[in-house]
Amino acid sequence: MNNWSIGPIDAWIIATAICCNVACGLLGCFLVLRRMSLLGDAVSHAILPGLVIAFMLSNSRAMGPMLIGAMLVGLFTAFMIEALQRWGKVPEDASMGVVFTSLFALGVVLITRYAANVDLDPGCVLYGLIEFVPLDRISLLGHEIPRATVTLGFVLVVVVFLIAAFYKELTIVSFDPYLATTMGINAALVHYALMAAVAAATVAAFEAVGSILVVAMLIAPGATAHLLTDRLSRMLWIAAGVAVVSAVVGYMLAAHPRLNTSVAGMMSVVAGAQFALAVFFAPRHGYVSKLLHQVALSLRIAAEDILGMLYRWEEARRDAPLTRDQIVAAMAGGLTPRLALLRLLRGGHIESAVGAAVRLTESGRARAGSLVRTHRLWESYLAQHLGLPLDHVHEPAQRMEHFVTPRITEQLDAQLGAAQDPHGKEIPPAP
Amino acid sequence: MIAMFRSNAALETPAPAAGAQAAPAVDVHDVTVAYHRKPVLWDVDVALPRGRLIAIVGPNGAGKSTLLKAILGLVPLASGRVEILGRPLSQARSMIGYVPQRETVDWDFPVSALDVVLMGRYGRLSWCRRPRRADREAARGCLAQVGMGDFAGRQINQLSGGQQQRVFLARALAQDAAIYFMDEPLAGVDAATERAIIDILRSLRSAGRTVVAVHHDLQTVSEYFDHLVLLNMRVVAAGPIGSVYTTENLQQTYGGRLTILDEAAEALRRAGR
Amino acid sequence: MDTFLRLILLQDANTRVVLLGAALLGMTSGVIGSFAVLRRRALLGDALAHAALPGICTAYFVVGDKSFTAFLIGALIFGTLGVLCVSFVRTHTRIKEDAAIGIVLSSFFGLGIVLSRIIQNQPAGNRAGLDTYIYGKAALMVNQDVALIALVAGVILIVVALLFKEFSLLCFDRDFAAAQGWPAMWLDILLMALLCVCTVIGLPAVGVVLMAALLIIPAAAARFWTERLSLMVALAGLIGLLSGLIGTAASAMAAHFAAGPPVVLAAAGFFMFSMLFAPRRGALADWWRRRKLRQRIAMQNVLRALYEIGEAAGAFERPASFDQILSSRAWTAPALTECLERAVRAGLIRGRDDRYVLTDAGRREAMRVVRAHRLWEIFLVEQAAIAPDHVDRDADQIEHVLPPELLARLEERLRQEGRLPAPVPQSPHPVGEVAP
């Protein structure tokens with residue numbers, strides 16, 4: 001732990017990574033929503049030969065030619081994938097696989113072949129050299145700033161500006177390309193513009209962070225945000241947050257002296273870990289919340305079933321009160337009815353006298369009455385309007401009574417105007 | 001005794017068990033199916049007689065295809081069970097023929113029409129066994145039966161929609177089944193194919209086979225079929241065509257009073273999210 | 001040149017072994033890849049291969065040595081884990097499969113890079129040969145490695161051969177397979193397992209980054225040549241085999257070349273060739289067919305125009321001027337000139353001084369064309385209830401491809417109704433106006 005602290009060099013690396021990650025993460029939201037995540041993956045791999053050729057032609061690592069080369073190849077990739085589908089009848093996923101792997105292989109061969117001239121090795125292409133970013137500085141407004149930070153900062157500004165300027169168009173095209181076309185928005189143009197932006201962000205990020213982090217950042221923040229919210233504007237903010245966390249935490253972990261490992265790799269892992277957390281713990285769309293929701297639902301249903309049982313028991317004027325064990329046994333045992341009983345006790349809906357006999361309280365009776373009312377109304381409805389035989393109506397009613405809203409109940413009441421359910425039982429009055 | 005009080009229906013006497021007569025072709029007991037907890041079929045309870053042409057009719061999203069898939073065990077049942085010719089599904093597989101919807105497969109798949117029909121014979125071949133000459137002959141016969149004898153070697157994407165549907169029908173014929181399940185066999189086919197398919201269905205009926213078909217066209221249903229199941233998430237009515245094909249039943253199937261049911265389904269879906 | 005000769009003549013025992021390994025690998029991935037592509041699982045192989053990298057590193061941590069078998073087992077475990085993650089995310093969340101693949105691919109691969117860097121930093125690390133798994137280095141394979149590859153490849157090929165019927169049914173129509181009683185889910189899992197194993201044994205030769213290409217490209221290339229599944233699978237195996245051989249040989253000739261990229265480029269070459277030159281599905285064949293059809297349609301239109309001009313004038317022998325023909329339809333002068341020249345060459349019309357007349361053969365052909373056109377028009381008006389002024393254009397497009405038996409049926413109907421005027425029926429709309 002001794003020298004694990006943030007110096008100016010680390011700060012520059014983190015700043016560079018933040019610019020890169022946020023730019024990719026914002027663009028990635030639209031890729032994820034349009035189900036084109038892998039197109040981002042494909043483009044970010046496929047631009048490699050464009051970079052190398054641009055470098056060989058211009059004989060410099062100036063941003064301009066490389067950007068143009070990469071964008072051309074990026075657009076070419078998107079176009080080829082569509083062309084193979086349309087003219088070669090190759091399925092979408094396979095055509096993607098064919099195009100980007102071939103182009104990437106070509107790029108690696110070019111790099112290896114001209115390794116002496118191209119200042120890149122095939123490994124860097126994948127995981128970048130962000131550790132060395134602060135070494136290559138240019139002077140800007142009197143400050144010595146790393147070149148990559150300037151480029152990536154510029155890219156981030158452009159991406160944010162583009163998204164802000166074309167927010168409406170991007171939203172509509174992501175939501176419904178056909179609708180967009182009928183509204184006079186050129187969906188194909190937006191599609192290719194997005195691809196060009198992805199290619200540009202990728203090439204700017206390439207040297208610093210490598211293609212694998214670009215892929216991670218194009219997909220993971222967007223997907224994580226998609227699990228956490230249903231609103232596009234919020235999704236963009238969350239994606240940016242995830243991207244920043246990946247940059248900071250990823251760098252801190254990678255730079256930890258005990259590990260001292262690949263920064264880009266660690267940032268990808270952190271991004272993947274955040275996604276994994278969201279998969280399990282997202283408030284509405286997460287796995288755990290769905291499980292909890294299910295448990296809560298089955299508890300509520302059990303509790304309501306117990307109330308209904310007690311109501312019917314009272315209605316039938318049985319003398320001996322029901323005991324807890326009897327209730328649990330009637331509900332086929334298990335943990336759920338016991339928990340439901342506890343919950344009802346604590347909610348004051350039932351009281352448990354000596355000998356564990358269970359009775360409804362005033363509030364419990366009111367709630368049970370409205371439940372039974374819904375149940376019987378629903379039964380009457382099913383029997384009258386769907387022509388179900390009597391012995392078939394109870395089960396569906398049992399299932400529905402927990403979900404029917406008061407509005408539907410009143411609608412049923414108005415439509416039926418019945419005082420008795422099909423079995424001849426009285427329908428309790430509205431509370 | 002206490003358990004009875006969970007359910008006031010249980011106070012009624014249970015319906016007497018079915019008599020000793022031959023089991024129906026398909027017996028569906030209280031089947032409920034949900035996709036992503038959204039109910040598609042609710043407590044469907046229906047018995048389909050043997051040797052009839054049976055149509056399952058209902059509006060879009062009424063669960064017609066799902067009912068077929070539920071009978072065939074292709075979607076998990078949330079509750080209920082299905083019997084085919086009085087046996088559980090696993091023992092009745094060899095007696096079933098199936099015609100899925102045409103759009104469910106990739107018609108650019110590298111197989112010929114004959115190859116597709118041959119797949120109908122796979123069910124009677126054991127593991128690892130290749131189809132033999134006899135199987136090929138049988139498949140050719142089935143293709144000829146649907147009027148596609150000249151197209152055996154044709155790649156399937158070079159066939160018209162109607163021809164593709166006939167190939168699917170031929171594949172089901174190759175299964176030589178007692179009961180055929182067909183998902184919209186007449187959807188999007190030309191008039192000639194429609195007539196050819198109906199002719200084949202009638203000859204199946206005269207051979208004592210049962211056909212259960214999802215059908216979308218109310219105009220032709222009473223002409224083509226003799227038994228009807230009106231479905232809208234649940235069975236609205238089922239029986240011989242004359243007694244079921246009434247305005248009231250159709251209204252119930254296709255809307256009107258069922259709005260409450262829809263709303264309830266929506267409530268159920270929201271709750272189950 | 002010397003290396004090249006040694007390579008070609010297979011003088012080197014080690015080269016022989018390496019090439020054998022690469023060939024077997026290519027063949028196996030071509031075969032299993034065919035099913036993966038047809039089952040629309042092509043890119044899952046990509047996730048699988050990338051996800052294997054941390055497995056290789058972990059195996060190094062555990063075994064602490066460059067054990068080929070241990071690496072493969074580690075790769076298999078992590079690769080399978082990656083696939084399971086993808087399917088968990090797909091079934092239990094709202095995230096679609098493509099995003100799930102991308103995330104698993106990049107974060108597992110990132111983990112692999114992290115681990116391999118840690119290994120390199122260890123004093124005894126000496127790179128541990130882990131880098132060769134990124135882009136592949138077939139030349140480092142030794143006899144035992146190839147023996148293992150041969151064994152696994154053999155098992156995969158035998159399983160595919162035995163279950164060919166079952167797998168093809170699964171890929172074409174899973175529901176039908178399930179309705180017939182095949183355990184569709186287990187077949188699917190078996191297919192995925194074979195894909196996993198094949199990917200993993202391919203890693204040393206091709207590398208994690210490009211292994212997916214060897215699964216996808218041969219299959220996609222083979223699809224262009226045939227409409228039969230068995231042939232496609234065999235052809236994909238062959239293309240994979242050749243790609244493996246060529247790529248590995250190329251990499252063996254230049255010491256610093258990784259094997260993966262050349263193998264993939266060889267496969268991509270086969271793909272390009274197939275896409276361009278395959279006889280039926282290829283792009284050139286397709287272009288040629290379209291051109292032929294366009295020419296046939298243009299020719300038939302010229303013949304019909306001349307016939308209708310002659311019909312209106314009451315004399316087929318009187319030549320029609322170029323402008324007259326040009327104004328009879330909406331076509332451009334160069335296209336018409338080209339088409340007229342072709343018709344002259346075919347002996348269907350005679351032309352002099354920009355004036356054209358049908359030959360006898362041309363008149364017969366024109367009569368046939370006009371007959372088909374008008375029969376179809378009548379059919380459209382009467383059967384499809386299309387307004388007469390819309391008929392001409394619809395008839396134009398379809399009549400050129402009308403099957404003769406359909407025409408015969410149309411004719412038969414009109415004859416039965418007693419209104420078939422011989423030999424060419426009347427047009428249902430006034431002739432001689434410019435078509436809209």
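Below, read A as the first sequence line, B as the second, and so on, with proteins coming before strands; counting in each chain starts at 1. Owing to the predicted nature of the structure, the values given are computational and were not obtained by experimental measurement.
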For a 4.5 angstrom cut-off between non-hydrogen side-chain atoms, does [X] reach [Y]?
| X | Y | answer |
| --- | --- | --- |
| His92(C) | Lys290(A) | no |
| Ile119(C) | Phe61(C) | yes |
| Met36(A) | Met195(A) | yes |
| Pro218(C) | Phe270(C) | no |
| Phe281(A) | Ser289(A) | no |
| Leu53(C) | Ser116(C) | no |
| Leu194(A) | Leu31(A) | yes |
| Ile113(C) | Ile134(C) | yes |

Show the nearest heavy-atom pair for residues [X] and [Y], with the distance to one decimal.
| X | Y | result |
| --- | --- | --- |
| Ser102(A) | Ile217(C) | OG-CD1, 3.5 Å |
| Leu106(A) | Pro49(A) | CD2-CB, 4.1 Å |
| Gly222(A) | Met235(A) | O-CE, 3.5 Å |
| Arg231(A) | Arg234(A) | NH1-NH2, 3.1 Å |
| Ala278(C) | Phe224(C) | CB-O, 3.5 Å |
| Val90(A) | Ser95(A) | CG1-N, 3.6 Å |

**Residues in residues 211-221 of chain A near chain C [non-hydrogen atoms, under 4.5 Å]** =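 Checking residues 211-221 of chain A against chain C gives Ile212(A), Val215(A), Ala216(A), Ile219(A), Ala220(A).
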**Prompt:** Going by residue number, which parts of residues 263-279 of chain A are within reach of chain C, meaning a heavy-atom gap below 4.5 Å?
**Reply:**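 Listed by number: Gly265(A), Met266(A), Ser268(A), Val269(A), Gly272(A), Phe275(A), Val279(A).
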**Prompt:** Taking every heavy-atom pair that is under 4.5 Å apart, which of Leu103(A), Leu39(A), Leu227(A), Asp41(A) has the most such pairs with chain C?
**Reply:**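 The candidate making the most pairs under 4.5 Å is Leu227(A).
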At a 4.5 Å cut-off on heavy atoms, which part of [X] comes close to chain A: side chain, backbone, both, or neither?
| X | result |
| --- | --- |
| Val114(C) | both |
| Ala220(C) | side chain |
| Asp46(C) | side chain |
| Phe88(C) | side chain |
| Leu111(C) | both |

**Message:** Please determine whether the number of non-hydrogen atoms from other residues, nucleotides or ligands lying under 6.0 Å from atom CZ of Arg289(C) exceeds 12.
**Reply:**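 Enclosed.
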**Full working for side chain to side chain contact (heavy atoms under 4.5 Å, CB included) between Leu235(C) and Leu231(C)** = CA-CA 6 Å; Leu235(C) 210 54; Leu231(C) 220 56; 5.9 Å; no
**Message:** If I measure from the heavy atoms of chain C, does Val109(A) come under 4.5 Å with its side chain, its backbone, both, or neither?
**Reply:**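 Contact with chain C is through both the backbone and side chain of Val109(A).
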**Prompt:** Which region of Asp93(A), side chain (C-beta onward) or backbone (N, CA, C, O), has a non-hydrogen atom less than 4.5 Å from a non-hydrogen atom of chain C, or is it both or neither?
**Reply:**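 Both parts, heavy atoms under 4.5 Å.
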**Prompt:** After noting the C-alpha distance and the side-chain angles of Phe108(C) and Leu81(C), does the key distance pass the side chain to side chain contact (heavy atoms under 4.5 Å, CB included) rule?
**Reply:** CA-CA 10 Å; Phe108(C) 273 65; Leu81(C) 191 66; 4.2 Å; yes
**Message:** Determine whether a donor-acceptor pair (N or O, by modelled atom type, separation under 3.5 Å) exists between the side chain of Arg223(C) and the backbone of Thr226(C).
**Reply:**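 Indeed, once roles are kept as given, a pair shorter than 3.5 Å links the two residues.
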**Asked** Can you tell me if Ser251(C) uses its side chain to pair, donor with acceptor, with the backbone of Gly247(C) under 3.5 Å?
**Response**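 Not confirmed, Ser251(C) side chain does not pair with Gly247(C) backbone.
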**Asked** What's the spacing between Ile103(C) CD1 and Ser37(A) OG if we round to 0.5 Å?
**Response**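 Separation between the atoms: 7.5 Å.
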**Message:** Checking Phe104(A) against Phe100(A) for the ring pair (Phe, Tyr, Trp, His ring centres under 6.0 Å) test, could you report, in this order, the C-alpha distance in whole Å, the side-chain angles of both residues, the deciding distance, and whether it holds?
**Reply:** CA-CA 6 Å; Phe104(A) 189 70; Phe100(A) 89 84; 7.9 Å; no
**Request:** Could you please state which residues from residues 32-42 of chain C sit under 4.5 angstrom from chain A, measuring non-hydrogen atom to non-hydrogen atom, sorted by number, or 'none'?
**Result:**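 Heavy-atom contacts from residues 32-42 of chain C to chain A are Val37(C), Arg40(C), Arg41(C), Ala42(C).
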**Per-residue contacts, residues 260-269 of chain C versus chain A, heavy atoms under 4.5 Å** =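 Pro261(C), Pro262(C), Val264(C), Leu265(C), Ala268(C) fall under the 4.5 Å cut-off.
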Top contributor to chain A interface from [options] [non-hydrogen pairs under 4.5 Å]:
| options | answer |
| --- | --- |
| Val209(C), Asp286(C), Val104(C) | Val209(C) |
| Ala213(C), Ala221(C), Gly110(C) | Gly110(C) |
| Ile95(C), Val89(C), Leu44(C), Ile101(C) | Ile95(C) |
| Lys96(C), Arg117(C), Arg94(C) | Arg94(C) |

**His285(A) vs Thr93(C), side chain to side chain contact (heavy atoms under 4.5 Å, CB included): CA-CA, chis, key distance, verdict** = CA-CA 7 Å; His285(A) 301 293; Thr93(C) 73; over 6 Å; no
